Asker: 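Sharing a structure with you now.
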Protein chains: 2
Amino acid sequence: MSKKKIVVDLSTEEKIIDAARKVFTKKGYAATRTRDIAEEADINLALLNYYFRSKEKLFHIIMVERLDKFFGVIQPVISDENTSLEQKMEKITEKYIDLLLANHDLSIFVLSEIRNAPDTFFNLAHHRQAFIESVLIKQLQERKPDTNPHHILLNLLGMIIFPFLSAALFKSSTHEQQDFESLMLERKKLIPKWVKMML
Amino acid sequence: MSKKKIVVDLSTEEKIIDAARKVFTKKGYAATRTRDIAEEADINLALLNYYFRSKEKLFHIIMVERLDKFFGVIQPVISDENTSLEQKMEKITEKYIDLLLANHDLSIFVLSEIRNAPDTFFNLAHHRQAFIESVLIKQLQERKPDTNPHHILLNLLGMIIFPFLSAALFKSSTHEQQDFESLMLERKKLIPKWVKMML
DNA sequence: GTCTATATTCCGATAGAC
DNA sequence: GTCTATCGGAATATAGAC
């Protein structure tokens, strides 16, 4: 109920942002109509352009925000000088699965929207850079000098993220929704074990 | 040169299908304009509707074809009664990586187009069924009766497919294109080793 | 700031000549 | 079967009153 009050009290600008995040994330840029967003925000269509000028500008705001969320969970972990490789694996798995359980379609959104956008449209470069120069990569190189550190990173992220990307494929009924969630909770404990075996 | 001759000799219908596959796969249904397809096929826009009635019908054809390709590689492998678990892991890895190297954006296309489509629009059900009732799942259950077989399957597919899904994120310049390909070739040998450790 | 009404552009689809 | 021309609808964006 206090929750509802908060929602009602949102400024128009915030209502539009919230609605845009929801609709864009679910349907993607091209399939989203500004009318969908206006309806979801419960505001007049003209207000969307009054506040954000264009669909593209509004999308850009949402996309940058989503990218920050997608990369933000692991960024502090991978650049931590004071934790071991093993601790990093555990942290990344736990944080990431929690994030994706709370934001089911975040990863499919990020990955599918990036494919057309020109390289520079969002500033992806600095996210990428953070990975390449991370402490995590250095630690992997020290531990296994003979194998490309990206292999382990791809394995870790693949095991974490792929289930969410493919969920639409493998679960049909909503009844299986619960099964999916408990499976992911199991994976929080299992994935670090599997990855450690690769080191 | 004989290749070029073949292209020139394609029927109009085939030219449209080829162009539709290319454009839909790259941009997705919503972002694709029928004009893009016509231009890519080097034919008149009206011909597209003459042969296929509508954008949606044409897309349906492409989508079913892409789904068959995406699932077709592993379907015979997972239902083979005469191969061991280990042999199946090796086959799946090899066939899948080869497929994805030849069709870089196949997986991101399939996964992102499915999210909005109603469950029944393409017949996904039988692909799903083939997985659930596969020999592979049975073998996993026998080998590790205490753990959900889907874990291992998600790990295998995640390690194989995720690199292709995230490629746009991690490689910026086209120069890194070659690095990516050789990394994937390495993974053909490494992934089966990692997965076997989980058994 | 918010609304109604409308301008404008874009896109899927078709009519009709050849 | 293939083309040109165009229709009709949908979607983004704006004008102008309140």
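A note on names: the letters A, B, ... follow the listed sequences, proteins ahead of strands, and every chain is numbered from 1. Please read all numbers here as calculations on a predicted model, not as lab measurements.
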Asker: How long is the line joining CD of A:E39 and C1' of D:dA10, in whole Å?
Answerer: 15 Å
Asker: What does the B/S/- profile of nucleotides 10-17 of chain C look like, 5' to 3', with a 4.0 Å heavy-atom cutoff to protein?
Answerer: -BBBB---
Asker: Suppose we screen for side chain to side chain contact (heavy atoms under 4.5 Å, CB included). Which residues come up paired with B:E133, at least two apart in sequence or across chains?
Answerer: B:Q129
Asker: Once side chain to side chain donor-acceptor pair (under 3.5 Å) is applied, do any residues pair with A:E65, and if so which ones, sequence neighbours excluded?
Answerer: A:R21
Asker: Rounded to whole angstroms, how far apart are CG on A:D36 and P on D:dA13?
Answerer: 14 Å
Asker: What pairs with A:D179 under salt bridge (charged side-chain N to carboxylate O under 4.0 Å, His left out), at least two apart in sequence or on another chain?
Answerer: none
Asker: Taking side chain to side chain donor-acceptor pair (under 3.5 Å) as the test, write out the residues that go with B:N44, two or more places apart.
Answerer: none
Asker: Taking only residues two or more places apart in sequence, or in another chain, which ones meet A:R143 in a side chain to side chain donor-acceptor pair (under 3.5 Å)?
Answerer: A:E86
